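Just below is one structure, and these are the notes that go with it.
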Amino acid sequence: MENILQIENLHVKAEEKEILKGIDLQIKKGEIHVIMGPNGSGKTTTANAILNNPTYKKEQGTIIFEGTDITNLKTDEIARKGIFMSFQLPEEIPGISVTNFLKYAKNKTTGKPIKIFEFKEEVKKYMEELNMNSKNMERSLNVGFSRRRKKEK
Ligand SMILES: Nc1ncnc2c1ncn2[C@@H]1O[C@H](COP(=O)(O)OP(=O)(O)OP(=O)(O)O)[C@@H](O)[C@H]1O
Ligand SMILES: [Mg+2]
């Protein structure tokens with residue numbers, strides 16, 4: 001089966017220090033990968049490199065997502081292809097509800113206007129599938145959650 005994500009021989013530097021020294025990773029549709037390793041081994045750097053955070057300079061290697069070379073695309077272009085980086089301690093954004101954030105993200109990735117009622121029903125369905133409390137849909141993004149619940153979201 002075709003790879004969704006394919007990383008080949010990735011070398012990444014930050015502040016003149018070589019952090020990733022030739023990473024290879026293949027992820028196929030439906031697979032869940034967990035990357036484990038000691039503190040400072042480069043897990044977060046790998047995620048930043050996939051999203052092309054400009055702090056991390058790619059010296060060598062390629063990243064292919066769904067058949068497109070995304071190695072040097074801008075972060076927003078990569079995000080619009082559907083790659084999202086979540087954080088252990090995400091920023092709190094009062095005034096923006098979870099629903100509005102997801103609706104905006106979907107609009108930007110599909111390029112189509114989103115009908116709010118249908119969209120809310122769709123989100124609710126996914127939240128039920130994931131055993132998440134759908135009341136949280138209307139709360140402000142990451143506001144008032146404990147550290148653990150921020151991660152679950
Ligand atoms: N912006 C940066 N500038 C300089 N060095 C950096 C930068 N980001 C990460 N590093 C260094 O790169 C190495 C890998 O860090 P990284 O955060 O990717 O590791 P990690 O595997 O995610 O660790 P942890 O398990 O602690 O989250 C560390 O030595 C870190 O100090
Ligand atoms: Mg990390």
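Everything quoted here is computed from the prediction, not taken from an experiment. Heads up: numbering here begins at 1 and tracks the sequence. All ligand and atom numbering here is 1-based and tracks the order in the structure.
Looking from atom 31 (O) of ligand 1 to the surrounding protein, the closest heavy atom is Lys17 NZ, 4.1 Å. Closest to atom 2 (C) of ligand 1, if we only count protein heavy atoms, is Ala14 CB, 3.7 Å. Shortest contact from atom 18 (O) of ligand 1 to any protein heavy atom: Thr45 OG1, 2.5 Å. In this structure, the protein non-hydrogen atom closest to atom 13 (C) of ligand 1 is Gly40 O, 3.5 Å. Regarding atom 25 (O) of ligand 1, its nearest protein heavy-atom neighbour is Lys43 NZ, 2.7 Å. Protein heavy atom at the shortest distance from atom 19 (O) of ligand 1 is Gly42 N, 3.2 Å. When hydrogens are left out, the protein atom nearest atom 9 (C) of ligand 1 is Tyr56 OH, 3.8 Å; that is the closest non-hydrogen contact. Protein heavy atom in closest approach to atom 17 (O) of ligand 1: Thr44 CB, 3.8 Å.
The side-chain contact (heavy atoms from CB on, under 4.5 Å) test with Leu25 is passed by exactly one of His33, Gln6, Glu8: His33. Here the options are Glu59, Lys21, Glu18, the test is side chain to side chain donor-acceptor pair (under 3.5 Å), and the partner is His11; only Glu18 passes.
Enclosure of atom CD in Glu91 is not indicated, since only 12 or fewer non-hydrogen atoms of other residues, nucleotides or ligands lie within 6.0 angstrom. In the displayed structure, Lys115 atom NZ is contacted under 6.0 Å by at most 12 heavy atoms of other residues, nucleotides or ligands.
Of all atoms in ligand 1, listed by their number and element, those nearer than 4.0 Å to a heavy atom of Thr55 are 1 (N).
Taking backbone and side chain together, Asn39 holds no N, O or S atom under 2.8 Å from the Mg ion (ligand 2).
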Discussion item. side-chain contact (heavy atoms from CB on, under 4.5 Å) for Asn136 and Val98? Distances and angles first, verdict last.
Written reply: CA-CA 7 Å; Asn136 292 334; Val98 175; 5.6 Å; no
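Neither side chain, Asn3 nor Gln26, offers a donor N or O lying under 3.5 Å from an acceptor on the other.
Under 4.0 Å from ligand 1, the heavy atoms of Ile19 that appear belong solely to its side chain. Contacts of Glu15 with ligand 1, taken as heavy-atom pairs under 4.0 Å, involve the side chain alone.
Side-chain N or O atoms of Asn107 include one that pairs as donor or acceptor with a backbone N or O of Lys112 at under 3.5 Å.
A salt bridge links Glu16 with Lys13: the distance from a Lys NZ or Arg NE/NH1/NH2 to an Asp or Glu carboxylate oxygen falls below 4.0 Å.
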